[in-house]
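Worksheet: one structure, shown below.
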Amino acid sequence: MDQELRELYQEVILDHNKSPRNFREMEDSTQDSEGYNPLCGDTIHIYLKINDGIVTDVSFQGSGCAISKASASLMTSAVKGKTKEEAEVVFKNFLDLITGNLGENPNTDKLGKLAVFAGVQEFPVRVKCASLAWHTMKAALDEKETKVTTE
Ligand code: ZN
């Protein structure tokens with residue numbers, strides 16, 4: 001990862017950790033899911049409000065490391081206003097990015113701000129922190145009853 005992206009990564013993580021977006025409970029959610037990353041101790045609760053197949057609102061609660069929190073914060077911004085199908089595409093692209101499936105120098109145009117997470121692929125333990133909110137969001141989308149765990 002080049003220096004510029006590395007610095008941007010630090011900046012985005014710090015910013016979203018300090019002031020996470022959509023960090024609240026949602027009383028009128030249509031579906032929700034809980035996730036747990038035993039390796040790091042991150043816990044998360046994702047709330048979705050879906051109307052006519054569109055994610056009209058998304059929020060999260062929980063506690064965990066800076067990476068899990070920043071990733072959740074960015075996830076909420078990334079899927080809000082998207083259709084369920086579009087949200088699934090973003091989910092897939094993000095997972096491909098952080099697990100290295102897009103290669104070392106991925107084309108990150110489609111990913112916008114999420115691109116800063118490209119560096120996470122160098123740290124396998126952190127991949128679980130970064131992906132927790134996303135797996136949990138996907139479970140909520142699919143209305144899965146079971147709790148999500150990264151193990
Ligand atoms: Zn973590």
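Numbering of ligands and ligand atoms starts at 1, following listing order. Numbering starts at 1 and runs along the sequence shown. Predicted model, so just to flag it, every value in this text is computed and none were measured.
- Around the Zn ion (ligand 1), the protein atoms of type N, O or S found under 2.8 Å away are Cys40 SG, Asp42 OD1, Asp42 OD2, Cys65 SG, Cys129 SG, listed by chain and number.
- The heavy-atom pair separating Ala140 from Asp32 by the smallest distance is CB-C, 3.9 Å.
- In terms of hydrophobic clustering, with Ile, Leu, Val, Met, Phe, Trp and Tyr side chains grouped at heavy-atom distances under 4.5 Å, Leu97 and Leu8 are assigned to a common cluster.
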TODO: Start with the C-alpha gap between Ser59 and Asn22, add the side-chain angles, then the distance that decides, and say whether side chain to side chain donor-acceptor pair (under 3.5 Å) holds.
DONE: CA-CA 5 Å; Ser59 70; Asn22 306 300; over 6 Å; no
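- A ring pair (Phe, Tyr, Trp, His ring centres under 6.0 Å) with His135 is found for exactly one of Phe91, Tyr36, Phe94, namely Phe91.
- For Lys147, the salt bridge (charged side-chain N to carboxylate O under 4.0 Å, His left out) test picks out no residue, with sequence neighbours left out.
- Minimum interatomic distance between His16 and Ser73 (heavy atoms only, all atoms of both residues): ND1-OG, 2.6 Å.
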